[in-house]
Amino acid sequence: MPRALEVWLPLPVPAFTFLAPHGRSEAPPGARVVVPWQGGVRIGVVAEVVEVGVAAALELREAVACIDASPWLLAPARRMIKAQAARTAAPVGLALATMLTVGLDVPLDHSVRLVDGVDAEGLGAGADALSGGDWHDAEAFRPEALSTWREHGLVEERVRVRPARERMLCALRAADAELGGRAREAQRRALAWLEEHGPMPSAAELARAADVGPGAARALVHKGYAGYRDVITPLPAPPWVAATHAAVGELASPAASDARRSLVHGGHRAERLRALAREVAAVVQARHQALVVVPEAASVDVVAGALAAFVPTLVFRAEHAPEQRGALWAEVARGTPAALVGTYPVLAAPLARLGQVHVWDAASPSYKIVSGTRSVARRDADVLAEAAHVPLIGYDVLATAELRDQRLDRVEALPYPAPRLVTSDLRESSTWPLGGELIRVLAQVAQRGRQAVVVVPRRGFASGLACRACGTPVMCPHCDLPLRWHAQRGRLRCHQCGHARPAPAGCAHCGGEPLAPLPGAGTEWVAREVERVVAPLPVWTVDADHRTDLTALFDGDPGVVVGTTAVLRLAPPPVLSLLAFTLGDALYGHEDFRAEEQALRTMLLAAELAGERRPLLLVQTFQSDHTVWRTLGARDVDAAVAAFSDATRARRARFGYPPATQWARVQVSHRDRGRADAAASAIAQTLRTAGVPDDALLGPVVAAVARVRDRYAVHVFLRASDDLTLAQWIERIDRRPGDGVQVRIDVDPYDVDAHLT
DNA sequence: AGCACGCCGACT
DNA sequence: GTCGGCGTGCTC
């Protein structure tokens, strides 16, 4: 039986089959291969080697060449990607593109030569250069011609990753009699330096390094002793990190848990970091590698900085250049005992001696990947650990229903430091957006020269501008949303599609009446009000629109930070005495079955912003008896949180929400509202006919914001007892019904009402 | 995803 | 008339 390669390409396509490259019987699973694709070539990954029939083999095309001798994507990561594709009902190539972000778009050196005994004559125009049997740069030939020669088995091809090159000043010729004499001493010194230390980026830098005048270096170039050449850039050093001062404190003796799946929850962030460090230190001491996945880029520094105090620590960062990621991949593939910290793409790293997988802030909604397969990376980490037969340990401030549902073998519950919570009832307040109590405590902060953080539910000045007379808000022309008012820039902006315009002089609806800000206060508005209260203390703003220098804050200077929930990811300010929320209700106000649980989690994380201090936590709310505030304000917080958690779990099970069931959201959209509706109904009907029970199908229901970017969205929800059943149902959906209808599917949706892009 | 093709609306 | 937007189909 002929053997062939199943190849995954980083494209939304299924696996494709190719014969092994000419003259090779096969390529190792996990290795990168170059394959013919749409007239050109592309890099893919060998998923497996399969047997094919003789007849089938005749139909297949040959892979061009194999790049790696050893796997670029290890077996556990391949299992993870395959499982992700199955779970999200997506083509496997999309899962590959989502998870493997390193090494698939590298520049290649591609060469060809004639197969022994083939005559260049018969190859047609452009082939004369091929004669002689030497290797030639493939770029010299037309892709179509190359493709034909390949199909007829006339050429052999070789592909290597092209090393990065730079133009550098190199020594070209040894010093000779011409360079003699006292006057040329500086030139001789510069040349000797260059010969000893290697190429330099410029003559000026050579002069500085060799401690000669710039003229001497230039003279070397002029006379031909030195010149600019393309030099192969050495691979950058792997991204090792140094320990930060955000100390975790003393580490009790390192100890690795042997439970398959554990959860460490509650306590304070520093305690959870210590628990993580204990495990990681033990694993690295045993000469293994620990993989630590974190939900967002900001946590990489916090976690890696803490671990680096105990073990060699590598990081994966989104901003790293491709070469640096390559260096990281190479380092971990060597099996170097270390911790590797990063966001979800680290899950594909080829850790040769993986000993444990850690999921930091495991309940963070940021694990939901917003593009590609839209997988939840926490679940991918779980599959990876299982496939690699290593323990999985999750850490979070709150044991959410989903975290508790993962067949845990070990749970470590740390006691919460009791927050000093005060709720301030907005129904009894006459001022806005700062109520009387908040104004009072802010004034105290100013008086005592302390620090405060004020969290606001949106950025900008106000949620919109509306007519004073008729109340009509200025809407986005492309979305069913009011344009947000950014007073500092004097512009209205759509937070959904980015449309921006200056504020109109008057109301377009009732004819020129003046406009006023809507009451939904944003960071700009709140910052202005806070300034009035705390002047002359500085007020810093932190949100997506403001990149404020916070050095003074971290130096301990008095002042107030006003920001969106992004401030909760800051390091603890040193003398924080107040943490306030201008509208606590915003945390659970949106339509989402996870909203309440996430609101409580956000508040528990907020309490940790204080470091080891216990600042006042003041929440302005219209519902001071809401379960989130009652839980946080309870005398016994641990018991209250446990009770909240049990109730949440029971309620989710009773009403058929995750994790009791698996959900998928089918988003149908069209520029025309009626057609979006009709297409969604057709999908619901198809599913019913296919035998999906009525109670497993919800909708169609129009999205909360009906139109975004000129498209109307309608949702159909599916729920099943397990992933597999859900995926089988999804397979029945026609994803390309035509007529301008878009169908997008989100398995395990997190923001139930968001428009998918 | 990228690319080629084909269809209708707004312009030199 | 044809330019170019978007929608559709295909890739071993």
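The structure presented is a predicted model; accordingly, all values stated were derived computationally and were not measured. Order of the sequence lines sets the chain letters (A, B, ...), proteins ahead of strands, with each chain counted from 1. All values below come from the heavy atoms of this structure, side chains included, with hydrogens, waters and symmetry mates left out.
A salt bridge links A:Arg317 with A:Asp301: the distance from a Lys NZ or Arg NE/NH1/NH2 to an Asp or Glu carboxylate oxygen falls below 4.0 Å. Using a 4.0 Å cut-off between charged nitrogen and carboxylate oxygen, A:Asp545 and A:Arg484 do not count as a salt-bridge pair.
Checking each of A:Val46, A:Val106, A:Val7, A:Leu73 against A:Arg32 for a side-chain contact (heavy atoms from CB on, under 4.5 Å) leaves exactly one that passes, namely A:Val106. Remark: of the listed residues A:Thr88, A:Thr373, A:Asp380, A:Thr373 is the sole one forming a side-chain contact (heavy atoms from CB on, under 4.5 Å) with A:Thr98.
The closest side-chain heavy-atom distance from A:Leu698 to A:Trp663 is below 4.5 Å. Annotation: side chain of A:Tyr344 is in contact with side chain of A:Met99 (closest heavy-atom distance under 4.5 Å).
When DNA chain B is scanned in the 5' to 3' direction for atoms under 4.0 Å from non-hydrogen atoms of chain A, the outermost contacting nucleotides are B:dA1 to B:dG2.
Residue contacts for A:Arg42: at a heavy-atom cut-off of 4.0 Å it reaches no nucleic acid atom on any strand shown. Within 4.0 Å of A:Gly93, counting heavy atoms only, lies no atom of the nucleic acid at all.
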Pairwise N/O distances under 3.5 Å, protein to nucleotides 10-12 of chain C:
{"residue": "C:dC10", "atom": "O2", "partner": "A:Gln38", "partner atom": "NE2", "Å": "3.4"}
{"residue": "C:dT11", "atom": "O2", "partner": "A:Gln38", "partner atom": "NE2", "Å": "2.7"}
{"residue": "C:dC12", "atom": "OP1", "partner": "A:Pro36", "partner atom": "O", "Å": "3.4"}
{"residue": "C:dC12", "atom": "OP2", "partner": "A:Arg61", "partner atom": "NH1", "Å": "3.0"}
{"residue": "C:dC12", "atom": "O2", "partner": "A:Thr17", "partner atom": "N", "Å": "3.2"}

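Taking the six-membered ring where the residue is Trp, A:Phe16 and A:Trp37 present perpendicular rings, their angle passing 60° and hence far from 30°.
The CZ-C1' distance, from A:Arg711 to C:dG7, rounds to 10 Å in whole Å.
Dense packing is recorded around NE2 of A:His590, with more than 12 heavy atoms of other residues, nucleotides or ligands lying under 6.0 Å away.
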